[in-house]
Amino acid sequence: QIISQFTWDTNPATKAAVGPNALSSSAKATSSTGGLNGTNGLNPGTPSTDVNLTLDGSYYNVPGLEISLNFKREESEASFFRRGSNFDFGMSGGNLYANFKLTSGASTLTVNSGSVYSIPNDHAFHSYKFKYDYATGVANIMVDGAIVYTYAGVAGRPQNWTSAGNPVIGANMDATGRNIAVLDNFIIQNSANPVALPMTLLSFDAITKKNIVQLSWTT
């Protein structure tokens with residue numbers, strides 16, 4: 001279930017392709033050429049200024065968050081998605097990490113992945129994903145489709161957003177002022193799977209009619 005999606009194919013940088021627009025961003029942040037597969041992407045601009053694309057937090061109070069994006073490394077410090085001290089997915093010292101809080105009864109549990117993957121400094125886009133499944137209590141971090149970190153927690157513990165404030169995309173992300181697109185295809189989803197409705201099969205009949213079979217059932 002997509003909450004927000006940003007492709008940055010056009011300006012302003014705050015414009016969402018799906019869902020609510022961002023509230024604000026750095027005045028330097030802009031859509032520019034050089035995104036993934038020949039599209040535009042998000043360029044922090046020049047001189048060096050952090051993106052700081054700020055979202056309305058009221059849309060993101062979900063029990064399980066899934067974030068996917070394409071990122072081109074041009075620096076060593078960058079937060080992909082941060083929400084106060086409650087959630088942070090990004091890069092520190094060139095290493096991928098995620099920190100998040102869960103509600104455990106009346107208390108709060110903080111999970112720190114630590115450094116889980118050295119992000120290539122190859123000036124090429126790679127895909128990065130964080131997903132916390134509230135139903136199972138499992139969190140995964142993925143790089144180019146491969147799992148690089150797993151947290152196996154307790155099922156039914158939702159992510160904690162108490163006093164989290166507004167989320168920020170691209171905190172500490174300035175591409176060192178190189179004036180190129182470094183972020184693309186940013187998708188924020190509610191990871192909760194749809195709940196199947198209870199259903200009982202009452203009858204099922206099959207009747208031949210010439211060269212076909214007619215199926216009839218009630219639930």
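Small disclaimer: the values here were computed from a predicted structure and weren't measured. All residue numbers refer to positions in the sequence shown, counting from 1.
- Defined by atom type and a distance below 3.5 Å, a donor-acceptor pair is missing between the side-chain atoms of Thr162 and Lys101.
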Query raised in the report: After noting the C-alpha distance and the side-chain angles of Thr10 and Ser31, does the key distance pass the side-chain hydrogen bond (donor to acceptor under 3.5 Å, both in side chains) rule?
Result: CA-CA 6 Å; Thr10 59; Ser31 167; over 6 Å; no
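- Under a hydrophobic-cluster definition in which Ile, Leu, Val, Met, Phe, Trp and Tyr are linked whenever side-chain heavy atoms come within less than 4.5 Å, directly or via other members, Ile67 and Val168 are assigned to different clusters.
- Contact between Asn121 and Arg73 at its shortest, heavy atoms only, is OD1-O, 3.8 Å.
- In terms of heavy atoms, Pro167 sits closest to Asp56 at CD-C, 4.2 Å.
- When the salt bridge (charged side-chain N to carboxylate O under 4.0 Å, His left out) test is applied to Glu75, no partner is found at least two apart in sequence or on another chain.
- A side-chain contact (heavy atoms from CB on, under 4.5 Å) with Leu36 holds for exactly one of Leu69, Thr7, Asn185; it is Asn185.
- Pairs passing the ring pair (Phe, Tyr, Trp, His ring centres under 6.0 Å) check and including a residue from residues 8-34, sequence neighbours excluded, read Phe6-Trp8.
- For Arg82, the salt bridge (charged side-chain N to carboxylate O under 4.0 Å, His left out) partners at least two apart in sequence or on another chain are Asp88.
- Under the 4.5 Å side-chain criterion, counting only non-hydrogen atoms from C-beta, Thr49 is not in contact with Asp174.
- Of all non-hydrogen atoms in Thr176 and Ser48, the two that sit nearest each other are C-OG, 3.3 Å.
- Contact between Ile169 and Val51 at its shortest, heavy atoms only, is O-CG1, 3.7 Å.
- Phe89 and Phe80 have their aromatic ring centers within a separation under 6.0 angstrom.
- Scanning all heavy atoms of the two residues, the minimum distance from Leu183 to Phe125 falls at N-CE2, 3.9 Å.
- A donor and an acceptor atom, one from each side chain of Asn21 and Thr14, are nowhere located under 3.5 Å apart.
- Here the shortest heavy-atom pairing between Ser191 and Lys131 reads CB-CE, 3.9 Å.
- Outside the 6.0 Å centre-distance limit, the rings of Phe130 and Phe81 are not counted as a close aromatic pair.
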